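Quick caveat: nothing in here was measured; it's all calculated off a predicted structure. Numbering of residues begins at 1 and proceeds along the displayed sequence.
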Amino acid sequence: KSAEAKAAIMDKINKSFMFSGLDENEKQIVVDAMDEKKCFMKECIIKEGDEGDCLYVVASGTLTCTKVFKGNTDPTVLKMYEPGEAFGELALLYNAPRAATITSDAESLLYVLDRPTFNHIVKDAAIRKKDKYEEFLK
């Protein structure tokens with residue numbers, strides 16, 4: 001990852017409640033753990049209803065988020081994702097099915113964090129902090 005890409009990912013992580021309990025070193029581990037995913041034009045990144053297991057941060061390109069609402073057959077455009085934005089966090093936190101479909105509008109570059117990596121980094125950090133505080137309080 002370029003320094004610019006790492007800075008953009010770090011900026012997104014710093015604004016996310018999911019990573020608020022991490023210190024700077026742990027956040028850097030998250031940034032380093034994210035893998036690149038190159039997407040082609042009109043590639044479906046996530047599909048509404050599918051099981052989710054990744055968080056995505058947009059590095060370049062734009063993506064369209066659509067949802068088919070009850071009673072409709074055509075998808076409704078909900079949002080356009082641009083560089084620096086992220087999606088898929090509900091899948092990491094709650095093991096929830098995908099709430100919408102996201103498709104790349106052009107060639108795009110995403111950074112991906114999968115659930116096992118997220119759990120290892122974030123949950124282990126929370127356990128270490130809890131243990132540290134308990135030891136301090138003793």
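By the criterion of side-chain heavy atoms lying less than 4.5 angstrom apart, applied directly or through intervening Ile, Leu, Val, Met, Phe, Trp or Tyr residues, Leu90 is grouped together with Ile13 in one hydrophobic cluster. Under a hydrophobic clustering in which Ile, Leu, Val, Met, Phe, Trp and Tyr are joined whenever their side-chain heavy atoms come within less than 4.5 Å, directly or via other members, Val112 and Ile102 fall into the same cluster. Taking hydrophobic clusters as Ile, Leu, Val, Met, Phe, Trp and Tyr residues chained together by side-chain heavy-atom distances below 4.5 Å, Leu109 does not share a cluster with Leu63. In the hydrophobic clustering of this structure, Val57 groups with Ile29; members are Ile, Leu, Val, Met, Phe, Trp, Tyr whose side-chain heavy atoms approach within less than 4.5 Å, directly or through other members.
In terms of heavy-atom proximity, Gly49 sits nearest to Pro97 at O-CB, 3.8 Å.
When the shell of 6.0 Å around CD of Glu4 is examined, it contains 12 or fewer heavy atoms from other residues, nucleotides or ligands.
Remark: Thr64 pairs with Asp105 by the side chain to side chain donor-acceptor pair (under 3.5 Å) rule, at least two apart or across chains. Not counting sequence neighbours, Thr103 has no partner by the side chain to side chain donor-acceptor pair (under 3.5 Å) test.
Rounded to the nearest 0.5 angstrom, Asp131 CG and Glu135 CD are separated by 9.0 Å. Lys38 contributes atom NZ, which lies 12.5 Å from atom CD of Glu43 (distance to the nearest 0.5 angstrom). Put simply, OH on Tyr111 and CD on Glu36 are 4.0 Å apart, with the number rounded to the nearest 0.5 Å. Separating the CE atom in Met41 from the OG atom in Ser104 is a distance of 8.0 Å, to the nearest 0.5 Å. Taken to the nearest 0.5 Å, the CZ atom of Arg115 stands 11.5 Å off from the OG1 atom of Thr117. Cys65 contributes atom SG, which lies 7.0 Å from atom CD1 of Ile46 (distance to the nearest 0.5 angstrom).
Between the side chain of Glu26 and the backbone N or O of Asp23, at least one donor-acceptor pair lies under 3.5 Å. The backbone N or O of Asn14 sits nowhere less than 3.5 Å from a side-chain atom of Ser16 that would complete a donor-acceptor pair.
Counting heavy atoms from C-beta on, the side chains of Pro75 and Thr101 never come closer than 4.5 Å. Annotation: side chain of Ile9 is not in contact with side chain of Lys6 (no heavy-atom distance under 4.5 Å). At least one side-chain heavy atom of Phe87 sits less than 4.5 Å from a side-chain heavy atom of Val58. Asp32 places a side-chain heavy atom less than 4.5 Å from the side chain of Gln28. No side-chain heavy atom of Phe118 sits under 4.5 Å from any side-chain heavy atom of Leu55.
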task = Apply side-chain contact (heavy atoms from CB on, under 4.5 Å) to Ile121 and Phe19, showing your working.
result = CA-CA 10 Å; Ile121 296 169; Phe19 302 103; over 6 Å; no
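Salt bridge present: Glu24 and Lys27 bring a charged side-chain N and a carboxylate O closer than 4.0 Å.
For residues 44-54, the set of pairs meeting the salt bridge (charged side-chain N to carboxylate O under 4.0 Å, His left out) definition, not counting sequence neighbours, comprises Glu48-Lys67.
Annotation: cation-pi pair Lys79/Tyr81 present, NZ/CZ under 6.0 Å from the ring centroid and within 45° of its normal.
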